[in-house]
Amino acid sequence: MGAGLHFETQEEIERIQKDAPNDPNNDPNNPNTTGQDGEKEPPCEEEGANPKKRKTRKVTAKVWQYFNKGPVDEEGSYSAICKYCGAKYLQGQQRGTASMKNHIDKGCKKFPRNRRDALQKMLQAAKSAEGTELIPWVFDQMKCRKALAMLVIAHEYPFNCVNHYYLRLLFNELQPSFKIPSRMTLRSDCIKLYEEQHVTLYEQLGQLTCRFSFTSDLWTNKGRDRGFMAISCHYIDEKWILRKRIITFVPLPSPHTGKHIAEAFYEKLVLWNLDKRAFCLVLDNASSNDACINELFAKTPIQDDLPVDGQVFHQRCGCHILNLIVQDGLSVLKDEIRDIRDTMKYIKHSQGRMEKFKLACSQSQIPFKKPAWDVPTRWNSTYLMLVLALELKPALCRYSNLDKRYYLKPAEFKWDAVECLVSYLKVFYEATLKLSGTKYPTLNLFFPEFAEVYLSIKRMSSSPFPFIVQMGAEMTDKFDKYWSIGNSLLAIACVLDPRCKLYVVEYYMKELFPEECDNFIANLRECMKALFNDYVEENASDENRARVSKRKKTIVVAGASASGSATNSRAALKDYIKERKNSEPPKSELEDYLATEVDEATVDEDFDILAWWRLKSPKYPILSQLTKDILAVPISTVASESAFSTSGRILSPARSSLNDESIEALLCAQDWLRASINEKGEKIGEPLWTIDEGGSIED
């Protein structure tokens with residue numbers, strides 16, 4: 001039975017046969033009439049007839065109830081004639097009935113089930129603000145193909161999923177009129193969808209007035225032994241909503257030197273027409289990335305269009321800095337950490353050991369949790385492993401009595417030292433969680449979080465544990481190194497937080513470096529002023545220039561009248577006050593912002609800094625534009641690194657034959673699609689892709 005063919009009940013069959021045109025099979029005078037079994041009775045062969053004449057094979061398929069059987073020729077062939085539209089299909093000589101089934105299922109426009117007018121619309125239930133309502137709907141093959149392409153991109157299905165039997169069965173049951181595309185057609189639909197969204201996103205970015213910040217990271221696919229570079233674009237749109245889009249994921253030629261990274265990065269910026277609107281680039285602390293910045297400034301004109309000549313262009317990944325600082329500190333307790341890691345691996349290695357560990361948890365009266373070990377290069381996973389080990393401490397100590405082959409003795413581990421280490425690492429872990437966010441600004445959080453981490457490191461020197469004192473010394477050296485090479489953008493972002501302003505920076509500088517506090521604040525003010533003045537020049541229009549010129553003329557006229565027309569001292573005093581008032585330059589937006597006190601209403605955990613600046617943008621039009629560009633800068637490369645987890649699934653062994661074009665299309669389009677939905681699959685705001693309008697992005 002062919003997939004998608006629907007057979008009616010006996011009552012429907014009788015009604016269809018009644019409505020059908022004259023059926024020669026029902027005519028008793030027809031020599032080719034059918035017998036009781038529904039088959040035409042072939043004429044009896046007379047004596048002397050040609051013995052080689054073929055016999056007609058008895059037909060049994062149910063689809064014959066919709067067809068008439070034509071006359072049989074000498075070769076045994078005959079025609080199957082549709083009772084409704086008269087279409088003919090050649091039968092006989094072991095020919096199948098698939099074409100007849102497809103005709104009834106999809107092709108026959110006069111068949112009762114297919115008789116609906118192509119322009120006639122059906123009603124579909126849809127949710128609206130007022131509840132559920134019925135809206136007109138009509139089947140569209142191209143819309144269905146586009147929706148299928150979205151499905152494949154979003155959920156990382158292989159292109160050959162359209163060949164899966166049960167998926168095809170599902171499509172046929174949902175909509176028999178849908179012609180399932182081949183895997184190559186599906187790939188073309190995905191590429192076409194990506195290209196459409198690429199053009200739409202390009203146009204949307206071109207219409208924005210803000211600058212753009214970028215994160216970039218490298219990844220090597222072990223299956224292909226090739227390196228790839230991901231570039232993420234970060235910006236705050238006109239509605240003051242933080243946006244992130246992966247704009248490229250391309251192979252990077254080996255070796256991964258600063259020159260190759262700089263060339264690939266600048267090439268993509270030019271492709272997206274963002275080379276003259278860049279603000280900041282966030283990279284990790286690899287030496288090749290430092291060389292990349294030098295190459296960009298030396299070999300490309302990107303520095304000419306950067307604010308303050310690119311002094312705040314290069315920003316180091318804050319989470320990577322914290323990782324390096326903690327890794328140096330953990331080295332003093334590496335033996336205990338290694339023993340705990342080996343214990344976790346040993347227990348989870350076999351099912352039998354896991355059963356014994358469950359028994360140990362039961363005997364220790366603690367809830368069972370699966371052992372887990374860390375990734376040594378990720379200190380936060382080490383922290384979570386130690387926290388889990390402390391929770392399972394009674395069971396781990398008990399396990400050594402149940403498994404005689406277990407060579408380690410957890411009861412002899414330095415659990416007091418581990419517990420003390422975890423208490424100090426908690427500050428680092430919470431700071432890393434805050435700075436790894438991608439749905440809210442993080443640059444304004446780095447300075448106070450980094451300062452709190454440093455204060456925690458300084459407190460380690462007074463610990464009763466010698467290894468904690470040694471760990472604090474190791475961390476201090478690494479902290480001082482990265483503090484000295486940081487730029488002022490971290491402190492500027494903190495000042496532009498209305499909860500902090502200059503007060504928070506002054507407080508932490510006096511706590512950390514009291515002898516350098518005054519110079520640091522003075523340099524910070526100068527850097528902020530220079531950055532603000534650059535934005536003033538960019539936003540200066542002809543109208544603003546005319547207003548400044550008119551103000552100067554007013555000052556001159558007022559001064560002349562004061563000196564020449566004053567007839568008495570009171571009039572002269574009035575003119576003098578007016579002259580001084582007009583001659584004094586007004587406060588800039590930056591000075592006005594810094595002069596205002598911190599609003600106590602903003603000191604709240606749920607404070608939305610973007611909403612605050614959106615409301616203040618009429619008061620500070622230029623300063624708000626600067627703030628918008630600064631708050632869009634991420635403090636970590638998490639956004640780019642997240643692309644590698646997706647690429648690892650896209651470039652799975654089953655999909656290792658994908659070319660570079662397909663890889664970039666699938667990964668970027670998936671990021672753009674998922675940007676409009678939350679983790680539960682519900683849409684946030686407007687849909688990303690409007691199928692009716694050709695799949696345009698609507699943010």
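Treat the numbers as computed from the prediction; the structure is a model and nothing was measured.
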* To do: For Val312 and Cys280, run side chain to side chain contact (heavy atoms under 4.5 Å, CB included): C-alpha distance rounded to whole Å, both residues' side-chain angles, the deciding distance at 0.1 Å, then the answer.
  => CA-CA 7 Å; Val312 296; Cys280 184; over 6 Å; no
* **Distance-only polar pair, side chains of Ser182 and Thr185, donor-acceptor under 3.5 Å** => yes
* To do: Could you tell me whether the side chain of Ile609 reaches within less than 4.5 Å of the side chain of Pro441, counting heavy atoms only?
  => yes
* **Among Asp284, Thr637, Asp290, the one residue meeting side-chain hydrogen bond (donor to acceptor under 3.5 Å, both in side chains) with Arg316** => Asp290
* Do NZ/NE/NH1/NH2 and the carboxylate oxygens of Glu661 and Arg187 come within less than 4.0 Å? -> yes
* Minimum heavy-atom distance Ser213-Val633, with the two atoms named -> OG-CG2, 3.1 Å
* To do: Taking all non-hydrogen atoms of both residues into account, name the closest pair between Leu388 and Ala372 and its distance.
  => CD2-N, 3.8 Å
* Walk me through it: do Glu196 and Lys146 pass the test salt bridge (charged side-chain N to carboxylate O under 4.0 Å, His left out)? => CA-CA 12 Å; Glu196 291 176 356; Lys146 183 169 288 189; 3.4 Å; yes
* If you draw a 6.0 Å radius around NZ in Lys192, do more than 12 non-hydrogen atoms from other residues or ligands fall strictly inside? -> no
* To do: Could you tell me whether the side chain of Ser381 and the main chain of Val375 form a donor-acceptor pair under 3.5 Å?
  => yes
* Do Asp480 and Tyr454 meet the criterion of a side-chain donor-acceptor pair at a distance under 3.5 Å? -> yes
* Does the Ser456 side chain pair with the main chain of Glu452, one donor and one acceptor, at a distance under 3.5 Å? -> no
* Asked: Is there a side-chain contact between Val495 and Leu524 (heavy atoms, below 4.5 Å)?
  -> yes
* **Trp672 side chain vs Ile246 backbone, donor-acceptor pair below 3.5 Å** => yes
* Going by an N to O cut-off under 4.0 Å, is there a salt bridge joining Lys268 and Glu263? -> no
* Output, in order, the C-alpha distance, side-chain angles, deciding distance and verdict of side chain to side chain contact (heavy atoms under 4.5 Å, CB included) for Cys494 and Val504. => CA-CA 8 Å; Cys494 180; Val504 172; 4.0 Å; yes
* Is the distance between the ring centroids of Phe279 and Phe313 less than 6.0 Å? -> no
* Check the pair Tyr383, Asp374 against side chain to side chain contact (heavy atoms under 4.5 Å, CB included), reporting the backbone distance first and the verdict last. => CA-CA 8 Å; Tyr383 169 80; Asp374 63 333; over 6 Å; no
* **Between CG on residue Leu666 and OH on residue Tyr157, distance to nearest 0.5 Å** => 14.0 Å
* Asked: If every non-hydrogen atom of Arg277 is compared with every non-hydrogen atom of Gly206, which pair is closest and at what distance?
  -> NH1-CA, 3.6 Å
* Are any non-hydrogen side-chain atoms of Gln315 and Ile635 less than 4.5 angstrom apart? -> yes
* Measure the shortest side-chain to side-chain distance between Pro634 and Thr438 over non-hydrogen atoms and say whether it is less than 4.5 angstrom. => no
* Does NZ or CZ of Lys628 lie under 6.0 Å from the centre of the six-membered ring of Trp240, at an angle within 45° of the ring axis? -> yes
* To do: Keeping the roles fixed (side chain from His260, backbone from Pro255), state whether a donor-acceptor pair exists under 3.5 Å.
  => yes
* Between the main-chain N or O of Trp379 and the side-chain N or O of Asn323, is there a donor-acceptor pair closer than 3.5 Å? -> yes
* Which atoms form the tightest heavy-atom contact between Leu631 and Leu242, and what is the distance? -> O-CD1, 4.5 Å
* Does the pair Asp335/Arg338 count as a salt bridge with the N-to-O cut at 4.0 Å? -> yes
* Asked: Looking at Val387, Ile337, Val326, which one forms a side chain to side chain contact (heavy atoms under 4.5 Å, CB included) with Thr382?
  -> Ile337
* Just checking, is any N or O donor in the side chain of His234 or Thr215 under 3.5 Å from an acceptor N or O on the other one? -> yes
* Asked: Do you know the tightest heavy-atom contact between Met150 and Leu673?
  -> O-CD2, 3.8 Å
* Distance in Å, Leu167 CG paired with Phe171 CZ, rounded so as to fall on 0.5 Å steps -> 4.0 Å
* **ring pair (Phe, Tyr, Trp, His ring centres under 6.0 Å) evaluation trace for Phe249 with Phe228** => CA-CA 7 Å; Phe249 187 86; Phe228 290 84; 5.2 Å; yes
* **Nearest-0.5 Å distance that lies between atom CD in Gln327 and atom CD in Glu474** => 12.5 Å
* To do: Compare all side-chain heavy atoms of Met475 with those of Phe428 and state whether any distance is below 4.5 angstrom.
  => yes
* Which of parallel (below 30°), tilted (30 to 60°) and perpendicular (above 60°) describes Phe214 and Phe265? -> perpendicular
* To do: Flag the pair Arg211 and Glu538 as a salt bridge only when some basic side-chain nitrogen lies within less than 4.0 angstrom of an acidic carboxylate oxygen.
  => yes
* **Side-chain H-bond candidate by donor/acceptor type, Tyr266 with Glu295, under 3.5 Å** => no
* Asked: Do the non-hydrogen side-chain atoms of His198 and Glu203 ever get within less than 4.5 Å of each other?
  -> no
* **Lys348, NZ atom: more than 12 neighbouring heavy atoms under 6.0 Å** => yes
* Show your reasoning for whether side chain to side chain contact (heavy atoms under 4.5 Å, CB included) applies to Phe607 and Trp612. => CA-CA 8 Å; Phe607 173 70; Trp612 190 90; 3.6 Å; yes
* Do you know which of Ile630, Ile622, Asp629 makes side chain to side chain contact (heavy atoms under 4.5 Å, CB included) with Leu626? -> Ile630
* Asked: Do the non-hydrogen side-chain atoms of Met528 and Leu590 ever get within less than 4.5 Å of each other?
  -> yes
* Assign the ring pair Phe446 / Phe450 to parallel, tilted or perpendicular, where the plane angle (0 to 90°) is split at 30° and 60°. => parallel
* Exceeds 12 heavy-atom contacts within 6.0 angstrom, atom NE2 of His349 -> no
* Asked: Quick check: does any side chain N or O of Tyr440 sit under 3.5 Å from a backbone N or O of Lys434, one acting as donor and the other as acceptor?
  -> yes
* When rounded to the nearest 0.5 angstrom, what distance separates CG in Asp189 from CZ in Arg145? -> 4.0 Å
* Asked: Is any side-chain heavy atom of Asn289 less than 4.5 Å from a side-chain heavy atom of Ile261?
  -> yes
* **Distance in Å, Cys233 SG paired with Lys244 NZ, rounded so as to fall on 0.5 Å steps** => 10.5 Å
* Does the Glu516 side chain pair with the main chain of Met509, one donor and one acceptor, at a distance under 3.5 Å? -> no
* Approximate separation, where rounding is to 0.5 Å, of Ile340 CD1 and Leu333 CG -> 8.0 Å
* Heavy-atom donor-acceptor pair, Ser662 side chain to Leu658 backbone, under 3.5 Å -> no
* **Steps toward side chain to side chain donor-acceptor pair (under 3.5 Å) verdict (Thr248, Glu664)** => CA-CA 7 Å; Thr248 189; Glu664 183 178 22; 3.0 Å; yes
* **Residues Arg614 and Asp608 bridged, charged N to O under 4.0 Å** => no
* For the residue pair Met344 and Pro371, what are the closest heavy atoms and their distance? -> SD-CB, 3.5 Å
